Amino acid sequence: MLFKQITYHLSKIIFIFFAACCLGSCEKKPPLPPPVPPLEIEKPVQLDGQVIRYKTTPEGNIDQMVLDQGNQQSDIHFPPHLARQILEIAQPGASIHLKVSRRDRGYELISVSSEDGNNRFDIQGILPPKPSPGKEIRIKGAVSEFIRNRRNETTGFVVGKKTVMLNPEESRILAPLLIKATQVEVTAMERDANDGTINTLRFPPVKMTEITIDSIVYKIR
């Protein structure tokens with residue numbers, strides 16, 4: 001009798017559970033959210049105007065053009081390694097036609113052409129040059145000049161007609177020592193001058209790998 005009673009209760013529980021599941025599956029499911037419309041691809045913008053000047057990166061590489069459109073001025077950004085080809089068409093003072101895409105602060109260059117349309121340079125599809133460590137050089141002498149940015153922070157120094165660039169950490173550690181130094185010796189990598197980049201510094205920049213300041217050697221990671 002006990003066995004039958006337990007079986008009855010167990011069967012009743014299973015039936016109730018099964019019925020609840022069936023009723024639950026019959027309930028209406030919440031509607032699916034509407035499909036997200038595809039993002040519109042922004043169309044290129046045509047700009048006409050006159051080149052006022054060029055701007056540079058903190059290392060002195062030309063990477064922006066300032067275009068006068070008559071009623072406003074616009075910054076046109078482009079990869080530094082294409083500067084030489086762009087300046088062949090768009091020297092300061094030249095009237096040009098540009099195709100650009102919008103960016104946060106200004107525009108990104110797509111193509112540039114001369115006023116008469118005879119010369120045109122399209123930068124789309126042109127890949128940056130393969131990274132190259134450059135050529136190792138050694139420079140020895142006294143620091144003749146310090147390079148500073150608009151915030152008066154030291155970003156490099158000149159020795160032996162080369163500009164040795166410093167990142168913020170290097171500047172924080174080495175700049176106080178270099179100010180007092182009487183003799184420095186720098187091992188650095190010199191960039192290939194034919195990579196298309198135009199640098200505006202008086203002396204070409206190099207990337208330091210080791211420096212000796214008054215007989216104390218500092219390795220650069």
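Everything numeric here is computed off the predicted structure, so don't read it as measured data.
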Taking the side chain as C-beta and beyond, is there a heavy-atom pair between [X] and [Y] under 4.5 Å?
X	Y	result
L174	M208	yes
R191	N61	yes
L166	T155	no
Q46	H97	yes
T187	I211	no
P205	N199	yes
D48	Q69	no
M65	F78	yes

Next item on the list: Begin from the C-alpha positions of S111 and R120 and carry the test side chain to side chain contact (heavy atoms under 4.5 Å, CB included) through to its verdict.
Entry: CA-CA 7 Å; S111 68; R120 176 185 168 87; 3.5 Å; yes

Item checked: Intermediate values then yes/no, side chain to side chain contact (heavy atoms under 4.5 Å, CB included), L67 and Q73 -> CA-CA 5 Å; L67 185 73; Q73 294 182 4; over 6 Å; no

Let me confirm one number: the [atom1]-[atom2] distance from [X] to [Y], rounded to the nearest 0.5 Å.
X	Y	atom1	atom2	answer
L201	K162	CG	NZ	12.0 Å
I96	Q50	CD1	CD	9.5 Å
I139	E185	CD1	CD	10.0 Å
E210	E136	CD	CD	9.0 Å
I89	N118	CD1	CG	10.5 Å
D63	T197	CG	OG1	10.0 Å

Item checked: Check ion pair K207-E190 (N to O, under 4.0 angstrom) -> no

Margin query: Please determine whether a side-chain nitrogen of the Lys or Arg among K55 and D75 lies less than 4.0 Å from a carboxylate oxygen of the Asp or Glu.
Written below: yes

Hey, quick one: are [X] and [Y] part of the same hydrophobic cluster, counting side-chain heavy atoms closer than 4.5 Å, chains of contacts allowed?
X	Y	result
I198	M165	no
I137	V164	yes
V206	I213	yes
L47	V51	yes
V45	I123	yes

Tell me whether [X] contacts the main-chain N or O of [Y] through its side chain, where contact means a donor paired with an acceptor under 3.5 Å.
X	Y	value
T163	F203	yes
Q85	L82	no
T154	A175	no
E153	N149	no
D214	V184	no
Q64	H77	no
S114	N119	yes

Next item on the list: Starting from the C-alpha separation in whole Å, work towards a yes-or-no answer on side chain to side chain contact (heavy atoms under 4.5 Å, CB included) for I126 and F121.
Entry: CA-CA 11 Å; I126 299 180; F121 178 54; 3.6 Å; yes

Closest heavy-atom pair and its distance - [X], [Y]:
X	Y	answer
P176	R172	CD-O, 3.5 Å
I147	E145	CD1-OE2, 3.9 Å
S101	I110	N-CD1, 3.9 Å

Notebook entry, point to check: So F146 and F157, would you call those rings parallel, tilted or perpendicular, with 30° and 60° as cut-offs?
Noted result: tilted

Margin query: Quick one, Y54 with L87, criterion side chain to side chain contact (heavy atoms under 4.5 Å, CB included). Give me CA distance, side-chain angles, the key distance, then yes/no.
Written below: CA-CA 10 Å; Y54 284 90; L87 264 75; 3.4 Å; yes

